[in-house]
Participant: 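I have a structure I would like to understand better, so I am pasting it below and will then ask my questions one at a time.
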Amino acid sequence: MSGATEGLRQRKAGASAATGSKDHLTDVTGKGSQSIQDPPDVKKLIKRKQVKQASGELGYNVALAIVTFLAFATRFWDIGHPGQVVFDEVHFGKFASYYLRREYYFDVHPPLGKMLLAAVAWFLGYDGHFLFDKIGLDYAENNVPYVGLRLFPASCGALIIPVVFLTLKELGLSVAGATFGAMLLVLDNALITQTRLILLDSMLTLFCVFAIYAWVRFRKLRHRPFTCDWYLWLALTGLGLALTTGVKMVGLLTVATVGIAVLYDLWDLLDIKRGLTMRQFIRHFSSRAVFLIFMPLAVYLFFFYLHFAILIKSGPGDAFMSAAFQDQLTGANINTNASYVPYYANITLRHRDTKAWLHSHPDKYPLRYDDGRVSSQGQQITGYPHKDINNVWIIEPVDPEQYPAEGVYTPTDEENEKGLRFVRNSDLVRLRHIRTDSYLLTHDVASPLTSTHMEMTTISAEENKRYNETLWRIELLDGNKGSKVKSKRGHLKLINHQHKVAVHCDSKALPDWGYGQQQVNGNKNIKEAFNVWWIDDVLHDKADLLVPKEKDTTKVRKMSFLEKFLELQGLMLSHNAGLTKPHPYSSAPIAWPFVLRGISFWEVKESLRQIYLLGNPIVWWGSGAGVIIYMATWVADRLLLRRGIDGLGVEPRRWWDRSLGFVFLCWLMHWIPFFLQARMLFLHHYLPSFIFSAMVLACVCEFFTGSVPRNVSLSQNDLKRWAGVAAGIAVAGASFYYFSPMTYGLSFKSAQDITARKWVPTWDFQHAA
């Protein structure tokens, strides 16, 4: 506490000295008597100041070069190991291959990061022949230039360090302080692990910190508005926001952070004491609107324009999109294999999102579930990922005698000619399961895994007492009332007529009694994306009469770019929110700052090798402590001010609230919103926030040594400060080295060596004794 008190005392004294120095400089530059009486002293003073500034810049440049070199060294070292597909490389490597094959795919993330990976792959001469189907597949055997592909995200991860260093410099930290903050990130195991693989997070985080750096540079030019430099850094801030959001939607947190800073900035400018006319204020407002709203939006849209321009062929993502969208893709079989659906045809229904077929079998639900709830013991309805005879249903019309409200149907001339009746949009239908001769039904019983949804089952064909519960209304996503339903291209929902729930399928696996098949139930939220199906196969003895006429297949409406963008954007958001399936390595946001849980990326049992995403505990816990110290100091200062005690001084407090306060805001805004998300979350979602917490720690340490802000307090304790920095880096380095085998996938001598590193019981290392 005495050290902190001494630091505060130095800072207050420094503030007074700085004020006196400013007054002296005012005099010697021609506004006082000293400049006239003693010109030689003025020249010496100016020269001394220039030498000091040059020396300071040299120190920054040398330190910047060192931390940048170390950042690249730690991320490039042995980057070819393992030579196998690791963790989410199965996704993002696959997506890069699809770009090179120009085949349409669907993903919940925006396209920029994957297009950059594809561009690197193209530059390396890769043709997209490998689809990264499974973790552990060998790259060399499949002739994949994986080292070159990994070098790009590793380079992005390394560049985070110099950007953070420069940001700390602009915030007023000394060479020692900026170096300390950068080295905390150089030596973080989690950042290295996440940025050495074919993943998106290094690009996301680099663009995030760049946007923040650009905003800090822009704010430092607030007294020189509308100059070329002012516009440049404002535009670069907007570009950084577009790039961040273009990689992952979580980039919106960076947009929100800068947005709060902009609102504070504009509110300050609106103050009449600033002396701005309304015309000048409107110019400030419009400049920020153009470069921080409209320009980033235009750039973001451009990423999707390229995405659609590249992916012109039919691919695995077709089924997620509307029929009109699929019509734009070359080679799509949506027209060539599509047919109209007549009543009494044998059909299969396939779920749009999970690709599972609507399935049933004679097995019953258990009387009691594991949580004690009771079922109906009815016949199981599931989602099955393979073709099977138990996927086949007969689609039947409503019997007017059983449900008079439907009325008697009058066939069209075409139907009379063909001797068929076609299924149409808004029709009420019944689905009879062929193998068990029972009708699909839902009732007011909770589903097995989701108690808020209704159980799906069947009822014997001979049972008519519950007829209304077996009625399902067809709702096409893209069709007029009465339009004929087509297989393959007609995305639809099945809404129960009596209970007003939709047939829903999710990826949750049923227990052993359900053979691990997917849960199907009745969803009360009819609008949810996971309620969408399509009719896949249609079997009928008049199949030749079901194919649409040639003139129908050639009428393809060309979708505009904006229509395609809005459709894809809506699907991305809904599917991202729907990623709720539990994962063995998922974790809650409250656990992230304390590093209570990591992620296993890859393992080889025989040689006790594994890659485990785990933050450097010394750095992460220290960064968390820095955040706590900041908040505690802020509260204590406000309480003291209420009692008339000024412990910081005006200028130091201004820096504490505005400069360091902005970094604190960055940490907060990149963490707190995750508490509001219901989707599955992982430790790597905290990485941007962690970076800002490390910056907070560096700023807090420097502040309490009495050395920031630099233009206020001039500390003479450089040697002591560097000694403290060296000690902190040494401790962080020792921790980094101790956990590095899990960062680089190195072998352990024994399981006991792994167990020794299990500092926290919830670290679920593989092979620990």
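A quick note: this is a predicted structure, and the numbers were derived from the prediction, not measured.
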Participant: Got a sec, which residues hit ring pair (Phe, Tyr, Trp, His ring centres under 6.0 Å) with F123, two or more places apart in sequence or on another chain?
Facilitator: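 Expected list: none.
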
Participant: Going by the rule salt bridge (Lys or Arg N to Asp or Glu O under 4.0 Å), which residues pair with E396 if we only count those two or more places apart in sequence or in a different chain?
Facilitator: R432

Participant: Could I get the full list of side chain to side chain donor-acceptor pair (under 3.5 Å) partners for T237, not counting sequence neighbours?
Facilitator: none

Participant: Under the salt bridge (Lys or Arg N to Asp or Glu O under 4.0 Å) definition, can you give me all pairs with a residue in residues 120-137, not counting sequence neighbours?
Facilitator: K94-D133

Participant: Does NZ or CZ of R350 fall inside the cone over W534's six-membered ring, less than 6.0 Å from its centre and within 45° of the axis?
Facilitator: no

Participant: Using ring pair (Phe, Tyr, Trp, His ring centres under 6.0 Å) as the criterion, list what pairs up with H504, not counting sequence neighbours.
Facilitator: H453

Participant: Please collect all salt bridge (Lys or Arg N to Asp or Glu O under 4.0 Å) contacts where either partner lies in residues 98-120, sequence neighbours excluded, each pair once.
Facilitator: R101-E103, D107-K114

Participant: Among pairs that include at least one residue of residues 136-150, which meet side chain to side chain donor-acceptor pair (under 3.5 Å), considering only residues two or more places apart or in two chains?
Facilitator: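 Every side chain to side chain donor-acceptor pair (under 3.5 Å) pair that includes a residue of residues 136-150, provided the two are not neighbours, is E89-Y139, E89-R150.
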
Participant: Of all residues at least two apart in sequence or in a different chain, which pass the ring pair (Phe, Tyr, Trp, His ring centres under 6.0 Å) check with H109?
Facilitator: none

Participant: Enumerate the residue pairs fulfilling side chain to side chain donor-acceptor pair (under 3.5 Å) with a member in residues 239-251, sequence neighbours excluded, ordered by first and then second residue.
Facilitator: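 Every side chain to side chain donor-acceptor pair (under 3.5 Å) pair that includes a residue of residues 239-251, provided the two are not neighbours, is D201-K248.
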
Participant: If you look only at distance, which donor and acceptor atoms sit under 3.5 Å apart when one is on a side chain in residues 302-313 and the other is two or more places apart or in another chain?
Facilitator:
unit_1	atom_1	unit_2	atom_2	d
H307	ND1	Y99	OH	2.7

Participant: Return each pair, listed once, that meets ring pair (Phe, Tyr, Trp, His ring centres under 6.0 Å) where at least one residue sits in residues 190-210; pairs must be two or more places apart or across chains.
Facilitator: none

Participant: What pairs with F130 under ring pair (Phe, Tyr, Trp, His ring centres under 6.0 Å), at least two apart in sequence or on another chain?
Facilitator: F132

Participant: Taking the six-membered ring of Y340 (Phe, Tyr or Trp), confirm whether the NZ or CZ of K418 is under 6.0 Å from its centre and within 45° of its axis.
Facilitator: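 No, K418 does not sit over the ring of Y340.
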
